[in-house]
Amino acid sequence: MAPESKYMGTIKGLNSNAPPGCSLSYAEIEKLSDCLQDGTVFGILSELKEIQDIMLNNLHKERTNMVANYNRRREQMDNEQREEYDMMIGDINFQPAEEERMIRSFNDKKKALETEESDALHKYDLKILQQLDKQVDDQQNYLNAAQIPGMKRTTDSAELKRQMFILTVIDTLQSTQT
(Lines give C-alpha, C1' and ligand atoms only; values in the text may rest on other atoms or scores of the structure.)
Protein backbone atom coordinates (compact mmCIF):
# COMPACT_ATOMS: atom_id res chain seq x y z
CA MET A 1 0.00 0.00 0.00
CA ALA A 2 1.41 3.37 -1.04
CA PRO A 3 1.81 6.04 1.64
CA GLU A 4 -0.82 8.76 1.78
CA SER A 5 0.07 12.08 0.17
CA LYS A 6 0.72 15.00 2.47
CA TYR A 7 -2.79 16.47 2.01
CA MET A 8 -4.80 13.27 2.34
CA GLY A 9 -5.38 13.43 6.11
CA THR A 10 -6.39 17.09 6.09
CA ILE A 11 -8.76 16.58 3.16
CA LYS A 12 -10.35 13.59 4.94
CA GLY A 13 -10.83 15.72 8.06
CA LEU A 14 -12.38 18.60 6.12
CA ASN A 15 -14.54 16.15 4.19
CA SER A 16 -15.94 14.73 7.42
CA ASN A 17 -17.48 18.17 8.07
CA ALA A 18 -18.76 18.65 4.53
CA PRO A 19 -22.22 20.19 4.12
CA PRO A 20 -24.96 17.75 3.08
CA GLY A 21 -24.51 16.57 -0.50
CA CYS A 22 -20.97 17.91 -0.75
CA SER A 23 -18.81 15.15 0.67
CA LEU A 24 -16.17 13.64 -1.57
CA SER A 25 -15.69 9.96 -2.30
CA TYR A 26 -12.41 8.33 -1.29
CA ALA A 27 -11.36 8.29 -4.96
CA GLU A 28 -12.06 12.04 -5.24
CA ILE A 29 -10.11 12.72 -2.04
CA GLU A 30 -7.15 10.77 -3.46
CA LYS A 31 -7.35 12.56 -6.81
CA LEU A 32 -7.64 15.97 -5.14
CA SER A 33 -4.71 15.22 -2.88
CA ASP A 34 -2.61 14.10 -5.83
CA CYS A 35 -3.41 17.12 -8.00
CA LEU A 36 -2.35 19.46 -5.18
CA GLN A 37 1.11 17.96 -4.72
CA ASP A 38 3.10 20.25 -7.03
CA GLY A 39 1.34 23.47 -5.98
CA THR A 40 0.13 24.34 -9.48
CA VAL A 41 -3.53 24.23 -8.45
CA PHE A 42 -2.84 26.67 -5.63
CA GLY A 43 -1.31 29.06 -8.17
CA ILE A 44 -4.24 28.66 -10.56
CA LEU A 45 -6.71 29.33 -7.76
CA SER A 46 -4.78 32.44 -6.66
CA GLU A 47 -4.79 33.78 -10.22
CA LEU A 48 -8.51 33.12 -10.62
CA LYS A 49 -9.23 34.91 -7.34
CA GLU A 50 -7.13 37.89 -8.45
CA ILE A 51 -8.96 38.11 -11.79
CA GLN A 52 -12.30 37.84 -10.00
CA ASP A 53 -11.36 40.54 -7.49
CA ILE A 54 -10.33 42.91 -10.30
CA MET A 55 -13.57 42.26 -12.17
CA LEU A 56 -15.69 42.76 -9.04
CA ASN A 57 -13.88 46.00 -8.17
CA ASN A 58 -14.40 47.34 -11.70
CA LEU A 59 -18.09 46.43 -11.70
CA HIS A 60 -18.52 48.02 -8.27
CA LYS A 61 -16.77 51.22 -9.42
CA GLU A 62 -18.89 51.42 -12.57
CA ARG A 63 -22.12 50.97 -10.63
CA THR A 64 -21.05 53.45 -7.95
CA ASN A 65 -20.24 56.00 -10.68
CA MET A 66 -23.66 55.44 -12.28
CA VAL A 67 -25.41 56.08 -8.96
CA ALA A 68 -23.27 59.17 -8.31
CA ASN A 69 -24.13 60.53 -11.78
CA TYR A 70 -27.82 59.91 -11.15
CA ASN A 71 -27.57 61.70 -7.82
CA ARG A 72 -25.90 64.68 -9.53
CA ARG A 73 -28.61 64.76 -12.20
CA ARG A 74 -31.33 64.74 -9.53
CA GLU A 75 -29.60 67.47 -7.56
CA GLN A 76 -29.21 69.57 -10.71
CA MET A 77 -32.89 69.08 -11.54
CA ASP A 78 -33.87 70.05 -7.99
CA ASN A 79 -31.76 73.22 -8.19
CA GLU A 80 -33.18 74.20 -11.57
CA GLN A 81 -36.73 73.60 -10.35
CA ARG A 82 -36.09 75.58 -7.17
CA GLU A 83 -34.78 78.52 -9.22
CA GLU A 84 -37.75 78.34 -11.58
CA TYR A 85 -40.14 78.18 -8.61
CA ASP A 86 -38.48 81.15 -6.89
CA MET A 87 -38.72 83.18 -10.09
CA MET A 88 -42.40 82.32 -10.46
CA ILE A 89 -43.23 83.23 -6.85
CA GLY A 90 -41.38 86.55 -7.28
CA ASP A 91 -43.36 87.45 -10.39
CA ILE A 92 -45.95 90.17 -9.71
CA ASN A 93 -48.40 88.42 -12.04
CA PHE A 94 -48.17 85.22 -10.01
CA GLN A 95 -51.34 83.11 -10.00
CA PRO A 96 -51.78 80.39 -7.31
CA ALA A 97 -53.08 77.93 -9.93
CA GLU A 98 -49.73 78.23 -11.75
CA GLU A 99 -47.96 77.06 -8.61
CA GLU A 100 -49.98 73.83 -8.53
CA ARG A 101 -49.32 73.17 -12.24
CA MET A 102 -45.62 73.85 -11.76
CA ILE A 103 -45.34 71.56 -8.74
CA ARG A 104 -47.19 68.81 -10.63
CA SER A 105 -44.85 69.29 -13.60
CA PHE A 106 -41.79 69.15 -11.32
CA ASN A 107 -43.04 65.95 -9.71
CA ASP A 108 -43.77 64.36 -13.10
CA LYS A 109 -40.27 65.20 -14.36
CA LYS A 110 -38.69 63.90 -11.19
CA LYS A 111 -40.68 60.66 -11.37
CA ALA A 112 -39.72 60.20 -15.05
CA LEU A 113 -36.04 60.68 -14.18
CA GLU A 114 -36.25 58.24 -11.27
CA THR A 115 -37.94 55.64 -13.51
CA GLU A 116 -35.27 56.12 -16.20
CA GLU A 117 -32.51 55.72 -13.59
CA SER A 118 -34.14 52.70 -11.98
CA ASP A 119 -34.51 51.00 -15.37
CA ALA A 120 -30.89 51.74 -16.28
CA LEU A 121 -29.63 50.37 -12.95
CA HIS A 122 -31.76 47.26 -13.34
CA LYS A 123 -30.36 46.75 -16.83
CA TYR A 124 -26.80 47.23 -15.51
CA ASP A 125 -27.42 44.80 -12.65
CA LEU A 126 -28.53 42.19 -15.18
CA LYS A 127 -25.31 42.84 -17.11
CA ILE A 128 -23.36 42.28 -13.88
CA LEU A 129 -25.13 38.96 -13.30
CA GLN A 130 -24.31 37.86 -16.84
CA GLN A 131 -20.66 38.78 -16.36
CA LEU A 132 -20.55 36.90 -13.06
CA ASP A 133 -22.12 33.85 -14.70
CA LYS A 134 -19.48 34.00 -17.43
CA GLN A 135 -16.76 34.36 -14.80
CA VAL A 136 -18.02 31.24 -13.00
CA ASP A 137 -18.16 29.38 -16.32
CA ASP A 138 -14.58 30.40 -17.16
CA GLN A 139 -13.37 29.39 -13.69
CA GLN A 140 -15.08 26.01 -13.97
CA ASN A 141 -13.39 25.41 -17.32
CA TYR A 142 -9.94 26.33 -15.96
CA LEU A 143 -10.36 24.16 -12.89
CA ASN A 144 -11.68 21.27 -14.97
CA ALA A 145 -8.64 21.61 -17.27
CA ALA A 146 -6.45 21.41 -14.15
CA GLN A 147 -8.18 18.05 -13.50
CA ILE A 148 -9.52 19.00 -10.11
CA PRO A 149 -12.14 16.41 -9.15
CA GLY A 150 -15.72 17.67 -9.15
CA MET A 151 -14.89 20.66 -11.34
CA LYS A 152 -16.89 20.85 -14.53
CA ARG A 153 -19.11 23.32 -16.29
CA THR A 154 -22.49 23.37 -14.55
CA THR A 155 -25.30 25.65 -13.45
CA ASP A 156 -26.86 23.07 -11.14
CA SER A 157 -27.09 24.60 -7.65
CA ALA A 158 -26.21 21.34 -5.85
CA GLU A 159 -23.12 20.88 -8.06
CA LEU A 160 -22.14 24.52 -7.56
CA LYS A 161 -22.42 24.09 -3.79
CA ARG A 162 -20.23 21.00 -4.01
CA GLN A 163 -17.67 22.88 -6.13
CA MET A 164 -17.63 25.67 -3.55
CA PHE A 165 -16.87 23.08 -0.88
CA ILE A 166 -13.98 21.68 -2.95
CA LEU A 167 -12.61 25.20 -3.45
CA THR A 168 -12.94 25.84 0.29
CA VAL A 169 -10.94 22.68 0.97
CA ILE A 170 -8.22 23.80 -1.45
CA ASP A 171 -8.22 27.32 0.00
CA THR A 172 -7.92 25.91 3.52
CA LEU A 173 -4.99 23.74 2.48
CA GLN A 174 -3.34 26.69 0.77
CA SER A 175 -3.73 28.92 3.81
CA THR A 176 -2.12 26.28 6.04
CA GLN A 177 0.87 26.28 3.65
CA THR A 178 1.67 29.96 4.09
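Only a predicted model underlies this, so the values are computations on that prediction, with no experimental measurement involved. All residue numbers in this chain count up from 1 along the given sequence.
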Short side-chain to backbone donor-acceptor contact, Ser118 and Glu114, under 3.5 Å: no
Around Lys110, counting heavy atoms of other residues, nucleotides and ligands shown, do more than 12 lie under 6.0 Å from its NZ? no
List the atom of Ser23, the atom of Glu28, and the distance in Å for their closest heavy-atom pair. O-OE1, 4.5 Å
Pair Gln76, Glu80: side-chain N/O donor-acceptor within cut-off below 3.5 Å: yes
Side-chain heavy atoms of Ser25 within contact of Pro149, under 4.5 Å: no
Quick check for you: to the nearest 0.5 Å, what is the distance between Gln140 atom CD and Gln135 atom CD? 11.0 Å
For Gln147, does the CD atom sit with more than 12 other heavy atoms under 6.0 Å from it, leaving out its own atoms? no
Across all chains, not counting sequence neighbours, the salt bridge (Lys or Arg N to Asp or Glu O under 4.0 Å) partners of Asp125 are Arg63
How many angstroms lie between CG in Leu167 and CG in Leu143, if you round to the nearest 0.5 Å? 6.0 Å
Check the hydrophobic clustering (I, L, V, M, F, W, Y; side-chain heavy atoms under 4.5 Å; chains of links allowed) and say if Met66 and Leu56 are grouped together. yes
Will you find, in the side chains of Tyr124 and Glu62, an N or O donor that is under 3.5 Å from an N or O acceptor? yes
Just wondering, are more than 12 heavy atoms of other shown residues or ligands nearer than 6.0 Å to CZ in Arg153? no
Measure across Leu45 and Ile170 and return the closest heavy-atom pair with its distance rounded to 0.1 Å. CD2-CG2, 3.4 Å
So how far is it from Ile166 CD1 to Ile148 CD1, rounded to the nearest 0.5 Å? 8.5 Å
Are the side chains of Leu24 and Arg162 in touch, meaning some heavy atoms are under 4.5 Å apart? yes
Do the side chains of Met164 and Pro19 get nearer than 4.5 Å, heavy atoms only? no
Evaluate the salt bridge (Lys or Arg N to Asp or Glu O under 4.0 Å) criterion for residues Arg82 and Asp86: first the C-alpha distance (whole Å), next the side-chain angles of each, then the deciding distance (0.1 Å), finally the verdict. CA-CA 6 Å; Arg82 197 172 301 111; Asp86 290 345; over 6 Å; no
Of all the heavy-atom pairs spanning Tyr26 and Lys12, show the shortest one and how long it is. CE1-CE, 3.6 Å
Between Phe165 and Leu14 the two heavy atoms that sit nearest each other are CZ-O, 3.6 Å
What's the shortest heavy-atom distance between Tyr142 and Leu48, and which atoms? CD1-CD2, 3.5 Å
Taking every heavy atom of Tyr7 against every heavy atom of Leu173, the minimum-distance pair comes out as CD2-CD2, 3.9 Å
Distance col, row Asn79:CG vs Arg74:CZ, nearest 0.5 angstrom, shows 13.5 Å
Thr154 and Gln163: side chain donor to acceptor below 3.5 Å: no
Starting at NZ of Lys111, measure out to CD of Glu116 and round the result to the nearest 0.5 Å. 14.5 Å
Can you tell me if Asn57 uses its side chain to pair, donor with acceptor, with the backbone of Asp53 under 3.5 Å? yes
Less than 3.5 Å apart, which donor and acceptor atoms pair up between the side chains of residues 101-109 and the rest of the protein, not counting sequence neighbours?
residue : atom : partner : partner atom : Å
Asn107  : ND2  : Ile103  : O            : 3.4

CG-OG1 distance between Asn69 and Thr64, expressed to the nearest 0.5 angstrom: 11.0 Å
Would you mind reporting whether Met55 and Leu132 have side-chain heavy atoms less than 4.5 Å apart? yes
